[in-house]
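Presented below is the structure to which this report refers.
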Amino acid sequence: MNKISSAITGVFGYVPPYVLTNKELEGMVDTNEEWIVSRTGIKERRILKGENLGTSFMGIEAVKGLLEKTGTKPEEIDMLICATVTPDMPFPATANIIASEIGAVNAFGYDINAACSGFLYGLVTGSKFIESGSHKKVIVVGGDKMSSIIDYTDRTTCIIFGDGAGAVLLEPNSEGFGVLDSILLSDGAGAEYLHQKAGGSRKPASHETVDARQHFVYQEGQSVYKFAVTNMADVSARIMEQNGLVAEDIAWLVPHQANKRIIDATANRMGIGPEKVMLNIEKYGNTTAGTLPLCLWDYESQLNTGDLLVLSAFGGGFTWGAVLVRWGISNKS
Ligand code: UT7
């Protein structure tokens, strides 16, 4: 009997309609289009506007589209994982809110907090349930409403992040499609450089924490950049080496969209040309857990059955990793 693998059999995404351009940011902080584009590659990002709308709103839209596209009934879903650092509330899990809203009455689920690597962590853990044979249809959502934790007076962070979510459906496959290998890593020492100071159990919300603007992303950009550029490139090269692959074997690099310069360095290290690198940072910025499924969604029409993809990411924690996938989707939009 062939080994059961976890194939991605559907992908869908959602980005909110409001476009925050570099020009608009020029009117908010001391920055300029030239700096933002040359240092990050970002031209615009999407922002979720509207009362009482959290990450679940975008996740629900993405999952609704996914179910419709793949002809899947909500009650067939066994499990739903949501990777996010901007849950609707500290508890319950945003995964539970999404599952309930879409009618996935037979699913269990939970959130994964692994920042920009969250989708990779979710993809790998969801796949284990498929590979074990215990679950047949697993949805992995990656999404963040970063605008809810961004300080729009801080020019070093507000130019980078945006809002968005994507979702994939995982199903068993016996023809060798889906997740083939993965490397996931983390190092809590990275918290020093990228974190949110207040709002957790160590420093609950108070008037003082609000006045001190401690509920926003704190990032030491240069330090994070150094770790990101080395680790994302290293792990991407390592997954190729341990599978005996050379650049010609890889159809696409699917990189986390944090900074175009980090993406270029990763591709260079792998020996992969720009024509094989998925890129949408220009229009969405860094949507944290949303970047990878949104890339797959944007580029789906260019993917062919059998293509080998390397998905890689680096983010808060620190967390990082790479996943090797053989594309075998049958539900192109
Ligand atoms: O996805 C989660 C993981 N996060 C990342 O991977 C982010 C990693 N870091 C980065 O992508 C980059 O460090 C940033 C994009 C955040 C910053 O780029 P940088 O090239 O590292 O800039 P820098 O922090 O070294 O700043 C260079 C200069 C500074 O001015 P001085 O001190 O040289 O006069 C900054 O004050 O650029 C200044 N600066 C800006 N200027 C115009 C910083 N932000 C801005 C801005 N507009 N928005």
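Both counts, for ligands and for their atoms, begin at 1 and track the order of listing.
Scanning for side-chain contact (heavy atoms from CB on, under 4.5 Å) contacts around A165 gives M58, with sequence neighbours left out. Residues forming a side-chain contact (heavy atoms from CB on, under 4.5 Å) with T72 (at least two apart in sequence, or on another chain): L67, T70, E76, I77, K137, L169.
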One pair per line, please: each N/O atom of ligand 1 matched with every protein N/O atom under 3.5 Å away, atom names first, then the distance to 0.1 Å.
unit_1   : atom_1 : unit_2 : atom_2 : d
ligand 1 : 1 (O)  : H256   : NE2    : 3.0
ligand 1 : 1 (O)  : N286   : ND2    : 2.7
ligand 1 : 4 (N)  : Q219   : OE1    : 3.1
ligand 1 : 9 (N)  : G221   : O      : 3.1
ligand 1 : 11 (O) : N259   : ND2    : 2.7
ligand 1 : 13 (O) : G221   : O      : 3.1
ligand 1 : 20 (O) : R39    : NE     : 3.0
ligand 1 : 20 (O) : R39    : NH2    : 2.7
ligand 1 : 20 (O) : R261   : NH2    : 3.0
ligand 1 : 25 (O) : Q222   : NE2    : 2.5
ligand 1 : 36 (O) : R155   : NH2    : 2.9
ligand 1 : 37 (O) : W35    : NE1    : 3.2
ligand 1 : 41 (N) : W35    : NE1    : 3.4
ligand 1 : 41 (N) : R155   : NH1    : 3.4
ligand 1 : 47 (N) : T31    : OG1    : 2.6
ligand 1 : 48 (N) : T31    : OG1    : 3.1
ligand 1 : 48 (N) : R155   : O      : 2.9

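A donor-acceptor contact closer than 3.5 angstrom is absent between the side chains of S117 and H256.
For F216 and H195, the distance between ring centers is not under 6.0 angstrom.
Of all the heavy atoms in G54 and D88, the pair that sits closest is C-OD1, 3.6 Å.
Hydrophobic cluster of V210: no remaining members, since no ILVMFWY side chain lies below 4.5 Å from it.
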